[in-house]
Amino acid sequence: MEKNTEKKLYGSVLLKAATILDTLAEDGGKTIQTLSKKTGITPSNLSKILETLIYIGYVIRDESKLYYLGTKFMEYNTQNIEAERLLAISKPYLEELRVALNETIHLSVLENNKVVYIDKLEPQNQGIYMTSRIGLSRPLYSSGMGKAILSTFTKQQLDAYLDQTELVQLARNTITDPAVLKADLVEIRKRGFSIDDEEQEDDGYCVAVTIEKNRKVVGAMSVSFPKFRFSTDYRQKVVTELQVTKEKIEKRLR
């Protein structure tokens, strides 16, 4: 935001709070020092603002003094009737999917050109967990669910998205070339599912599909697992289970 515009607005603390929340939404927990570096706000001012945000539920702090977005955002998100209905209808089928594969299951919706997690189911007795959490947002270009949704964009929508989005390297294999991303989206359309192969997180692998109602995308779901468990046969098993689950959910959404 330009400084001359900022001066005309009331409440500079609100602008700083918005910057903090945007930074926390990017990825993972952050220390005061990291937040200060990314936002340009001094640690002393950050501490005061964060305490207020914690008090009203917009931010949470764990035992390691890492800060995350709070659950209050999830309350606002589920005010969206379509997302709330999707969450309720999908729940039992996502549970079935977790039982079938015993992997991390995610459900998300599109919001402000990002995917926002509205449900996450952890595997049982594995001791390996993903850094994702309900309420967290991920870029479309680097995440399995995001790319699944991107593959449904029209040429005009995709061009507009790329014009306003910087493809930043987030993990070992993040796609940062728009031409490569476009080619990947063509392949996603052909095969009917997307792949995140260490594009959002190193050592992670994800398979994702969209969820549609009346030919309109209302969300996406994915199965995520450590890269060391990958094999072509196992991926096919995951794809098959995902597509069965997708069919069940979409049938209920009609």
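Residue numbers run from 1 in the order of the sequence given. This structure is a prediction, so every number in the text was calculated from the model and none was measured.
Hydrophobic clustering (ILVMFWY, side-chain heavy atoms < 4.5 Å, transitive): Ile188 and Val186 are in distinct clusters. Residue Val207 is not grouped with residue Val244 when hydrophobic side chains (ILVMFWY) are merged at heavy-atom distances under 4.5 angstrom, including chains of intermediate members. The hydrophobic cluster containing Leu242 does not contain Val99, counting ILVMFWY residues as joined when their side-chain heavy atoms lie under 4.5 angstrom apart, directly or transitively. A continuous path of ILVMFWY side-chain contacts below 4.5 Å connects Val180 to Leu162, so both sit in one hydrophobic cluster.
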Query - Stepwise salt bridge (Lys or Arg N to Asp or Glu O under 4.0 Å) check, Arg252 with Glu247 - result: CA-CA 9 Å; Arg252 287 285 312 279; Glu247 184 178 347; over 6 Å; no
Query raised in the report: For Val116 and Leu136, what are the C-alpha separation, side-chain angles and deciding distance, and is it a side-chain contact (heavy atoms from CB on, under 4.5 Å)?
Result: CA-CA 6 Å; Val116 178; Leu136 180 70; over 6 Å; no
Query raised in the report: Can Arg85 and Ile89 be said to form a side-chain contact (heavy atoms from CB on, under 4.5 Å), step by step?
Result: CA-CA 6 Å; Arg85 182 166 181 260; Ile89 287 175; 3.7 Å; yes
**Report entry** Test log, rule side-chain contact (heavy atoms from CB on, under 4.5 Å), inputs Thr19 and Lys16
**Finding:** CA-CA 5 Å; Thr19 300; Lys16 290 178 180 177; 5.5 Å; no
Requested in this report: Report the C-alpha distance between Leu21 and Val59 in whole Å, list the side-chain angles of each, state the deciding distance to 0.1 Å, and finish with yes or no for side-chain contact (heavy atoms from CB on, under 4.5 Å).
Outcome: CA-CA 8 Å; Leu21 294 174; Val59 171; 3.8 Å; yes
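Across every non-hydrogen atom of Val209 and Gly192, the tightest pair is CG1-O, 3.7 Å. In terms of heavy atoms, Leu94 sits closest to Ile105 at CD2-CG2, 3.9 Å. Across all non-hydrogen atoms, the minimal contact from Leu24 to Arg133 is O-NH2, 4.3 Å.
Using a 4.0 Å cut-off between charged nitrogen and carboxylate oxygen, Arg215 and Glu212 do not count as a salt-bridge pair. Using a 4.0 Å cut-off between a side-chain N of Lys or Arg and a carboxylate O of Asp or Glu, Asp197 and Arg172 do not qualify as a salt bridge. With respect to Lys38 and Asp22, no salt bridge is recorded, no charged nitrogen being found less than 4.0 Å from a carboxylate O. For Glu250 and Lys246, the salt-bridge test passes: some basic side-chain N is under 4.0 Å from an acidic carboxylate O. Using a 4.0 Å cut-off between a side-chain N of Lys or Arg and a carboxylate O of Asp or Glu, Lys237 and Asp233 do not qualify as a salt bridge. The existence of a salt bridge linking Glu201 and Arg138 is confirmed by a sub-4.0 Å separation between a basic side-chain nitrogen and an acidic carboxylate oxygen. Salt-bridge annotation for Arg98 and Glu122: absent, with no side-chain N of the basic residue lying under 4.0 Å from a carboxylate O of the acidic one.
No more than 12 heavy atoms of other residues, nucleotides or ligands sit less than 6.0 Å from atom CG of Asn112. Within a 6.0 Å sphere centred on NZ of Lys227, other residues, nucleotides and ligands contribute more than 12 heavy atoms. Shown here is Gln164, whose CD atom has more than 12 heavy atoms of other residues, nucleotides or ligands within 6.0 Å.
For the pair Ile41/Ile20, a side-chain contact is recorded, criterion being any heavy-atom separation below 4.5 Å from C-beta on. Counting heavy atoms from C-beta outward, Ile195 and Arg235 have side chains that approach closer than 4.5 Å. Looking at Thr104 and Lys120, their side chains come closer than 4.5 Å, going by heavy atoms from C-beta outward. Looking at Leu167 and Pro178, their side chains come closer than 4.5 Å, going by heavy atoms from C-beta outward. With a 4.5 Å cut-off on side-chain heavy atoms, Glu103 and Val238 do not count as touching. Under the 4.5 Å side-chain criterion, counting only non-hydrogen atoms from C-beta, Ile54 is not in contact with Ile60. In this structure, Asp177 and Leu181 have side chains that are not in contact, with every pair of non-hydrogen atoms separated by 4.5 Å or more. Side chains of Leu140 and Leu110 form a contact here, defined as non-hydrogen atoms less than 4.5 Å apart.
At distances below 3.5 Å, at least one donor-acceptor pair connects side-chain atoms of Gln169 with backbone N or O atoms of Ala171. In this structure, the side chain of Thr210 does not engage the main chain of Ile149 through any donor-acceptor pair within 3.5 Å. Listed for the Lys30 side chain is a donor-acceptor partner under 3.5 Å among the backbone atoms of Thr23. Here the side chain of Arg61 pairs no donor or acceptor atom with the backbone of Tyr67 at under 3.5 angstrom. Ser194 contributes a side-chain N or O that, together with a main-chain N or O of Gly144, makes up a donor-acceptor pair within less than 3.5 Å. A distance-only check finds no donor-acceptor pair linking the side chain of Ser222 to the backbone of Ser224 [under 3.5 Å].
Leu53 contributes atom CG, which lies 10.0 Å from atom CG of Leu46 (distance to the nearest 0.5 angstrom). Atom CG of Leu35 sits about 6.0 Å away from atom CG of Leu50, to the nearest 0.5 Å. Rounded to the nearest 0.5 angstrom, Leu107 CG and Leu86 CG are separated by 4.5 Å. Atoms CD1 and NZ, on Ile118 and Lys91 in that order, are 10.0 Å from each other to the nearest 0.5 Å. For the atom pair CE (Met221) and OG (Ser108), the distance works out to 10.5 Å, reported to the nearest 0.5 Å. Atom CD in Glu198 sits 9.5 Å away from atom OG1 in Thr174 (nearest 0.5 Å).
No side-chain donor from either of Gln156 and Tyr161 sits under 3.5 Å from a side-chain acceptor of the other. There is a side-chain donor-acceptor pair under 3.5 Å between Gln236 and Thr240. Side-chain atoms of Ser47 and Ser44 include no donor-acceptor pair closer than 3.5 Å.
For residues 139-148, the pairs satisfying side-chain hydrogen bond (donor to acceptor under 3.5 Å, both in side chains) are Ser142-Gln200, Lys147-Asp184, Lys147-Glu199, with sequence neighbours left out. Residue pairs satisfying the ring-ring contact (aromatic ring centres under 6.0 Å, His included) criterion with at least one member in residues 162-205, sequence neighbours excluded, are listed as follows: Tyr205-Phe225, Tyr205-Phe230.
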